[in-house]
Amino acid sequence: MDSYLNQNFDLKSKHSSDEALEKWRTVVGFVKNPKRRFRFTANLSKRYEAAAMRRTNQEKLRIAVLVSKAAFQFISGVQPSDYVVPEQVIAAGFQLCADELGSIVEGHDVKKLKFHGGVSGIAEKLSTSTNTGLSSDAALLSKRQEIYGINKFAEPEAKGFWVFVWEALQDMTLMILGACAIVSLVVGIAMEGWPARAHDGLGIVASILLVVFVTATSDYRQSLQFKDLDKEKKKITIQVTRNDCRQKLSIYDLLPGDIVHLNIGDQVPADGLFVSGFSVLIDESSLTGESEPVVVNDKNPFMLSGTKLQDGSCKMLVTTVGMRTQWGKLMATLSEGGDDETPLQVKLNGVATIIGKVGLFFAVVTFAVMVQGLLRSKLQEGTIWSWSGDEALKLLEFFAVAVTIVVVAVPEGLPLAVTLSLAFAMKKMMNDKTLVRHLAACETMGSATGICSDKTGTLTTNRMTVVKSCICMSVKEINSTNKASFCSEIHESAIKLLLQSIFMNTGGEIVTSKDGRQRQASKTVKVEPFNSTKKRMGVVLELPGGGLRAHTKGASEIVLAGCDKVIDSNGEVVPLDEKSINHLNATINEFANEALRTLCLAYLELKNGFSSNNAIPVSGYTCLGIVGIKDPVRPGVKESVAICRTAGITVRMVTGDNINTAKAIARECGILTDDGIAIEGPDFREKSQEELLKLIPKIQVIARSSPMDKHTLVAKESADVIILDDNFSTILTVAKWGRSVYINIQKFVQFQLTVNIVALIVNFSSACLTGSAPLTAVQLLWVNMIMDTLGALALATEPPTDELMKRAPVGRKGNFISNVMWRNIFGQSFYQLMVIWYLQARGKAMFELDGPDSTLKLNTLIFNSFVFCQVFNEISSRNMEEINVLSGILNNSVFVAVLGCTAVFQIIIIEFLGTFASTTPLTYSQWGLSVVIGFFSMPIAAALKLVPV
């Protein structure tokens, strides 16, 4: 089975090819209800539409760029446009309509931009300010929203409950059963009138409706869970300026005229125009498919929604939102296309396909055997050409039983159980500060064998404190007792330079707080934000007395290598000789070995003629000093790393820090062991493929990493799982939930296969030996609901246990139905079959059953015992290997509720619905025996777990 599944139903967790997605769909074959089975799979036709839209966007933008370049040559000859402002827009207090704004940015229309007065002119016509932003007045914002729309994409309307009822009714086998029920009803009433022979047909109809409504309720609740999760996923905030105050705002509340602040890794939330910023590179591949980044500046100010800042930071004026943007239209199409199905969903579709084919075979053979028995008796009686109404109904009953076997045998809900379990896990993980954006990511984490973690904020607290310094060649410890005397021991001229370096060369911005205070601004000529490739950041300042000065800070050894002078203890600039270099390098290593992050600060007096178009120099600097920064390790990290190691997960630290700092922190976290390797990023990238294959199993630390090694900021935006509290211990929780999903589905499959095997073999063997089936169509429909919808609810929502992290992860190619599962399935099936066959053979004598209703009484007893075997087997399935299956059972209210409901409904079916369900009330002793037979499946299951496999 596993080789068949791996060959036809193997899918990658991300970026599967269209061929792979098409392949398993064609192999599936017989499906009872395609609407339900494929509800959570990708709509490939919509995917193709989105791909075509991307190609169109690519061509549009290519032409727009060419046109905008050509327009620069004729910009001076711009003639007044024939654009007329609509009356509605003028009445609202604006001078540009949404369509005109859209055409400027989307079309990269330089001519129109120039005509409307450039970025500042458009801001004015939008009644906004590039400095103070929009007013927060609710009435004004509402008016703006009416004219320009909201920043939301059109999404498919949420399905109501009755839509799920209709979809559940699309089950082909249920429709056939319904037809059988109607024929049975008509023939029965025609023969003996109402209601004497109407019960069989009404029983099947009632069972079908019960199955449909329970299925629809389960599916509807699941859709509500996904709706809630979708809301959580959309809680994305961005920095904006409104009322001259910097604040966080949901991207869905953005309006044209808003001033948005973007940094490296941010996604552009709406179409807009560049206002100001530095070194902005935009990745437009999500919109156009082009991988080459685009430079955005005053000359090319157009920024499109859905693209990402690959480098730099900037302010943007929002011009177009929501469905008026190309990204909005693309997202609307993509949302109809749906997410890729997960590998486990596809694998379970394969399992369902195999079981379905086997069940279909058994159903056909069972029907053939029962019909053959009827025909043989008629041949013996010589009445083959004469058929009574009862015999016609008997034939119809045989067909109904065969169809019901197909209903039971084809586990349509099996792939949906994965979705149910994943939705449950995602909801719970949200409470644990984890946002899972895609279902497949939850599965992937369950199979993870390695975790590569960034250091800052994940392994550490991200509370940076300078605890040591080497300023003016003098090493000092900094603590609460000597902070006051620190500055007094440094020369005044050096202090001024140090303060300027600290406060002006920073990623922070000059913003006005709500109480109106702000930092004193200096004239900034150029900024180069921190870049993980250069490992430094820089700023050029225009000094009050004239002249330019550059400040730089970054990785100590890199910045120090660009210095040729240093400030000594007297505050004088002196050449950086070998002795001074050795002293500073020794200081860097000393700080690093104490697990301190080191930064070197330096400055350079620039000559006249420096332009903001020039790159900031990287050499000729004067070293101001080196600081050692302490970032404490988070509590619980060491313990979490130890648990990961026990669980077969290798933890690696990837950081931009100095290798000595990285090694010291990795040891403190328990990541770096005696036989582990710590390597620097440049060395790592130079290794050949063969060398890497040997090294990677032993690598535990990568220091001085580049964006190619970790992509921290960008990765967070495009990640499938986001740790909201940046805590490494939370990653452990994700892995635990991922494993829980996989194990829960295995439990459910084990339970369902046991029910399938017993139900199929009992009806088949009875049909062959006696010519009739002990389990009727109505009874089988109830059994189907127990094992399918209710079983999934009970077993697929089990919370994770700590025991899950004491076993090795399961690989993608691992056997889904393990030897342990087969042992439990066959052992439990054997017990149930023996009990049922014994009751069939000796039941009448054992209970002294005689009279015309003895067979009905015995079949009721068999049906009741069979159901209670499933109830107790469901409890045994909570743990496939441990004997104690009752641990924590009361913590799972869903499981307890399902068991309770199953028992209550079983009593109702036996005692009160006998006419419809072909049952008869049982005595207390018969009830007791049924429950005891079911209960004995638990010690049998416990004994099976002692059998090694």
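Numbering of residues begins at 1 and proceeds along the displayed sequence. As a basis for the values below, the full set of heavy atoms in this structure was taken, side chains included, without hydrogen atoms, waters or symmetry mates.
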Q | Note: R242-D258 ion pair, threshold 4.0 Å (strictly below) | A | yes
(Q) Quick check on side-chain contact (heavy atoms from CB on, under 4.5 Å): which of I629, I478, L596 does V467 satisfy it with? (A) L596
Q: Walk me through it: do K638 and E668 pass the test side chain to side chain contact (heavy atoms under 4.5 Å, CB included)?
A: CA-CA 7 Å; K638 192 168 186 177; E668 194 177 339; over 6 Å; no
Q) How many angstroms lie between CG in L281 and CD in E284, if you round to the nearest 0.5 Å? A) 11.0 Å
Q | Side chain proximity check, I238 to L262, heavy atoms < 4.5 angstrom | A | yes
Q) Roughly how far apart are I649 CD1 and I451 CD1, rounded to 0.5 Å? A) 5.0 Å
In residues 615-623, what donor-acceptor pairs under 3.5 Å come from side-chain atoms, sequence neighbours left out?
from: Y621; atom 1: OH; to: P617; atom 2: O; distance (Å): 2.7

Q: Give, for atom CD1 of I702 and atom CG of D683, the distance between the pair rounded to the nearest 0.5 Å.
A: 11.0 Å
Q.
Closer than 4.0 angstrom, basic N to acidic O: yes or no for K308 and D283?
A. no
Q | Test: R597 and D631 ion pair at under 4.0 Å | A | no
Q.
I'd like to check the side chain to side chain contact (heavy atoms under 4.5 Å, CB included) partners of T730; sequence neighbours left out, ordered by chain and number.
A. T434, I723, D725, N727
Below 3.5 Å, can you tabulate the donor-acceptor pairs from side chains in residues 555-565 to any protein atom, sequence neighbours excluded?
from: S556; atom 1: OG; to: T598; atom 2: O; distance (Å): 3.4
from: S556; atom 1: OG; to: T598; atom 2: OG1; distance (Å): 2.8
from: S556; atom 1: OG; to: L599; atom 2: N; distance (Å): 3.4
from: E557; atom 1: OE1; to: R704; atom 2: NH2; distance (Å): 2.9
from: E557; atom 1: OE2; to: R704; atom 2: NE; distance (Å): 2.6
from: E557; atom 1: OE2; to: R704; atom 2: NH2; distance (Å): 3.0

